[in-house]
Each structure stands twice: as structure tokens, then as C-alpha cells.
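When a residue number appears, it is its place in the shown sequence, counting from 1. All values reported here derive from a predicted model rather than from experimental measurement.
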Amino acid sequence: MQFRQLEYFVTLAREGHFARAAKACFVSQPALSESIHKLEKELGVPLVKRRQNYQGLTPEGDRVLVWAQRILKDHSSMGEEVEAMRSGLSGTLKIGVIPAASSTISLLVDPFRSKHPRVKINLESSLRSSEIIQRIGAFGLDAGVIYLDDHDDADLSVLPLYTERHVLVAHEDLLGHVRDEEFGWDDVVDYPLCLINRGMRGRQLVDEALSSRGLVADPGVETDSLASLFALVRTGRWAGVVAQQWLVGFDLPPEIRVIPLEDLVHPRVGLVAHGVTPGSVLVEALFAHTRPDRIEKRLRLGSAGFFPGLT
């Protein structure tokens with residue numbers, strides 16, 4: 001059995017098509033098919049359903065795929081560790097990030113890269129927590145930043161990072177003379193709202209907070225982009241409800257007011273990775289270098305500096 005055979009097999013399972021898999025592996029389709037056929041012969045079980053074209057994996061193929069992914073990941077991790085012993089950390093970290101952490105991820109990545117400049121970071125920031133967990137389990141991602149609540153973390157290494165607090169953001173002309181301390185969730189629905197899409201965890205938290213008070217949001221605009229949400233808020237005609245931590249990295253002008261809202265639930269955001277040991281030396285370094293206390297402090301200082309009254 002060769003690593004190349006396992007790579008071809010894993011790629012075929014991912015692409016679901018012989019020609020696309022061959023192209024991704026930079027080999028001819030006959031060469032890829034022959035390599036997988038030899039793997040089947042060596043293992044003594046059929047791995048791929050074949051007719052005129054690819055029909056999926058056999059039950060045996062599904063089981064072998066899990067092992068193949070694990071073997072390839074262990075092989076990569078071993079190479080990373082040997083390279084780290086020889087010349088310092090290098091390689092690529094693939095990190096999945098929920099949209100709610102697309103700005104706060106900078107508080108992890110920037111100091112880590114400063115410490116380990118030869119490590120490249122590949123971020124995917126439009127994934128749901130469940131998808132990140134699934135891809136970590138299949139060794140498609142090295143780590144992820146997710147909502148920790150309501151997820152089984154039995155097979156994960158987990159490092160809680162911070163707890164979200166919600167705020168309303170709107171132009172001072174839209175809010176008028178309302179005082180921050182007098183503003184609450186009951187007032188949110190009185191404004192033209194731009195919210196993130198239904199189905200996203202951040203939106204579910206907003207809907208739950210309103211529902212607990214017998215209220216329902218009726219946003220005029222829904223988006224999957226924080227940049228779009230804040231751009232609409234800057235026009236002065238829209239209000240948004242977001243987590244305070246989402247404001248990191250967005251240079252909002254002084255005329256945009258940020259009003260704290262009292263949360264009934266306090267969703268936790270954390271760093272996760274596969275719990276297998278020994279793990280990737282890059283992932284272990286990321287966990288070792290990440291300091292939740294410093295992240296919380298940066299978030300508090302940022303809120304106090306840019307938005308007085310938020311601590």
C-alpha cells in the first residue's frame with residue numbers, strides 16, 4: 001500500500017468523479033483508476049461502485065475512507081513535526097471559522113503568525129459550527145472557531161475563547177435622543193432592521209432574545225455578510241443587532257452609536273481541533289499560543305476605546 005494510492009482514493013471520494021479526481025491529482029484517469037484498483041486488490045474488498053461512471057463508495061469503501069484520511073493526516077503531521085525539530089514550525093494550518101468570528105479570528109492568527117512566521121494560515125470564514133466539526137472529524141480542517149454550546153465535543157480538543165454580548169448599532173440620526181440605559185430588546189423592533197440571515201446561529205440568538213419577550217423581528221434586509229450589514233448601518237437608515245465582539249476590525253464612524261442589550265443567554269465561542277493524540281504539531285502550537293485572557297482583554301479595551309460605555 002502506498003500513500004499515493006490513499007491520496008487518489010480520498011480525492012475520488014471528495015470529487016465524486018474519476019476525471020475530476022485525476023485532474024486534481026495531476027495524473028491521467030486510467031492511472032488513477034488502476035491505482036485504486038490495485039488498492040482494492042491489496043485490501044481484498046471493493047471500495048468503489050462502478051458502472052459506466054463513479055457511483056459512490058461501497059460500505060467497505062466508507063470505512064477505508066476514514067482510515068485513509070487518518071493515515072494521510074498522521075503522515076502530514078509527522079512531516080510537520082520533523083520539520084519543526086529541524087528548522088522551526090512551518091506548513092499550512094486550515095482553520096474553519098463561523099461568520100460571527102470572522103473578525104475576532106485576527107486576535108488568534110496575528111500573534112500566532114508573529115511567533116511562527118513560516119506557518120501559512122488558510123481561513124474559511126463562512127462555515128457553520130456543525131460543518132466545521134464534521135470537517136475536522138474528516139481531517140479536512142485542522143482547527144475551527146465555533147459556537148461551543150449545543151455541540152458534542154467528546155472527540156474534540158476545546159479551548160473557550162470568549163462569551164458574546166449583543167448590541168444594537170445604528171446612526172445617531174436614526175436613534176434620536178434615546179438614552180443607552182433606557183434602551184432594551186423591546187425597542188429593537190421599532191427600527192428598520194438589517195439582520196444576518198435566518199438559519200445562522202447569530203440570528204437564532206437574536207430571534208431567541210426577542211421571542212423570550214413575545215417579539216418577532218421583521219427585518220427589511222437580511223444578509224450573510226457582516227460587511228454588508230455595517231455598510232447599511234452607515235447609511236443612517238438601518239439598525240443592526242450584532243454581537244459586540246463582531247465590531248473588531250470594523251472602523252465605524254463616531255456618528256454610529258453602539259447600545260448594549262441585556263442578554264438572557266451568553267453564547268460561548270471557542271477554538272476546537274481533533275482530539276486525536278498525538279496531534280498536529282501546528283495545532284498544538286496554535287492552542288499553546290492562544291491566550292483567551294488576552295483575547296478577552298483586547299475585546300474589552302477595544303470596546304471601551306471605540307465605544308464608550310461598553311466594557
- Item | Contact check, side chains of F230 and L247, non-hydrogen atoms, under 4.5 Å | yes

- Do L232 and L252 belong together in a cluster built from hydrophobic side chains that touch within less than 4.5 Å? no

- Measure from the side-chain N and O atoms of W238 to the backbone N and O of L193, and report whether any donor-acceptor pair falls under 3.5 Å. no

- Counting distance only, does the side-chain N/O of R257 pair as donor-acceptor with the main-chain N or O of A170 below 3.5 Å? no

- Item | T290/L161 under side chain to side chain contact (heavy atoms under 4.5 Å, CB included): CA gap, chis, key distance, verdict | CA-CA 9 Å; T290 299; L161 298 176; 3.7 Å; yes

- Would H166 and V206 count as a side chain to side chain contact (heavy atoms under 4.5 Å, CB included) if you check the C-alpha gap in whole Å, the side-chain angles of each, and the deciding distance to 0.1 Å? CA-CA 8 Å; H166 282 89; V206 172; 4.0 Å; yes

- Item | Enclosure of D155 CG (heavy-atom neighbours >12, cutoff 6.0 Å) | no

- Item | Pairwise side-chain contact, V241 with V188, heavy-atom cut-off 4.5 Å (strictly under) | yes

- Determine, for E124 against R135, whether the closest basic-nitrogen to carboxylate-oxygen distance falls under 4.0 angstrom. yes

- Looking only at heavy atoms, which two atoms of A101 and V145 are closest? And how far apart? CB-CG1, 3.6 Å

- Task: With side chain to side chain contact (heavy atoms under 4.5 Å, CB included) as the test, would you mind laying out the steps for R128 and Y147 before giving the verdict?
- Result: CA-CA 9 Å; R128 297 186 182 189; Y147 283 116; over 6 Å; no

- Item | Flag side-chain contact, heavy atom, 4.5 Å: P99 against I196 | no

- Message: Is the ring pair F112/H289 parallel, tilted or perpendicular, if the boundaries are 30 and 60 degrees?
- Response: perpendicular

- Message: Starting from L195, can I reach V221 by hopping between I/L/V/M/F/W/Y residues whose side chains sit under 4.5 Å apart?
- Response: no

- What heavy-atom pair brings P267 and D149 nearest, and what distance separates the two atoms? CA-OD2, 3.4 Å

- Item | Considering all heavy atoms, the nearest R198-P219 contact | NH2-CD, 4.3 Å

- Message: Looking at R20, I'd like to know if its CZ atom is crowded, meaning that more than 12 non-hydrogen atoms belonging to other residues, nucleotides or ligands lie closer than 6.0 Å.
- Response: yes

- Query: So, H116 side chain and R118 main chain: donor-acceptor pair closer than 3.5 Å or not?
  - Reply: no

- Return yes if some donor-acceptor pair links the side-chain N/O of Q245 with the main-chain N/O of R165 below 3.5 Å, else return no. yes

Tell me which donor-acceptor pairs under 3.5 Å the side chains of residues 59-67 have, and how far apart each pair is, sequence neighbours excluded?
unit_1, atom_1, unit_2, atom_2, d
E60, OE1, T58, OG1, 3.3

- Query: Would K49 and L57 satisfy side chain to side chain contact (heavy atoms under 4.5 Å, CB included), going step by step from the backbone distance to the final call?
  - Reply: CA-CA 6 Å; K49 298 176 184 176; L57 300 182; over 6 Å; no

- Task: Would you confirm whether E34, through its side chain, and A31, through its main-chain N or O, come within 3.5 Å as a donor-acceptor pair?
- Result: no

- Task: Any chance you could measure S212, atom OG, to W185, atom CH2, to the nearest 0.5 Å?
- Result: 8.5 Å

- Item | Atom pair CG (L168) and CD (Q244), whose distance is rounded to the nearest 0.5 Å | 13.5 Å

- Item | Backbone of I36 reached by a side-chain donor or acceptor of Q5 within 3.5 Å | no

- Rounded to the nearest 0.5 Å, what's the gap from CZ on R298 to CZ on R291? Could you check? 13.5 Å

- Message: Rounded at 0.5 Å granularity, tell me how far CG in L12 sits from CG in L32.
- Response: 6.0 Å

- Residues pairing under side-chain hydrogen bond (donor to acceptor under 3.5 Å, both in side chains) where one sits in residues 228-237, two or more places apart or in two chains, turn out to be S225-S228

- Query: Do other residues, nucleotides or ligands put more than 12 heavy atoms under 6.0 Å from the CG atom of D173?
  - Reply: yes

- Task: Salt-bridge test for E222 and R203: reply yes if a basic N is under 4.0 Å from a carboxylate O, no otherwise.
- Result: yes

- Test item: I121 and T92 side chains (from C-beta on) under 4.5 Å apart, heavy atoms: no

- Salt bridge present between K297 and D293 (N-O < 4.0 angstrom): no

- Query: Hey, does the side chain of S211 reach the backbone of D207 with a donor-acceptor pair shorter than 3.5 angstrom?
  - Reply: no

- Query: Can you check whether T223's main-chain N or O pairs, donor with acceptor, with N197's side chain at less than 3.5 Å?
  - Reply: yes

- Message: Looking at every non-hydrogen atom in both residues, tell me the closest pair between L229 and C194 and how far apart they are.
- Response: CD1-O, 3.6 Å

- Task: Output yes when R201 and E208 qualify as a salt bridge under the 4.0 Å nitrogen-oxygen rule, no when they do not.
- Result: yes

- Any pair counted as side-chain hydrogen bond (donor to acceptor under 3.5 Å, both in side chains), so long as it reaches residues 93-113, sequence neighbours left out: T104-Y162

- Message: Test of understanding: clusters of I, L, V, M, F, W, Y form through side-chain heavy atoms closer than 4.5 Å, transitively. Do V45 and L6 belong to the same one?
- Response: yes

- So how far is it from D186 CG to L210 CG, rounded to the nearest 0.5 Å? 9.0 Å

- Is L282 reachable from I136 through a run of hydrophobic residues whose side-chain heavy atoms are each under 4.5 Å from the next? yes

- Once you round to the nearest 0.5 Å, how far does NZ of K38 lie from CZ of R4? 8.0 Å

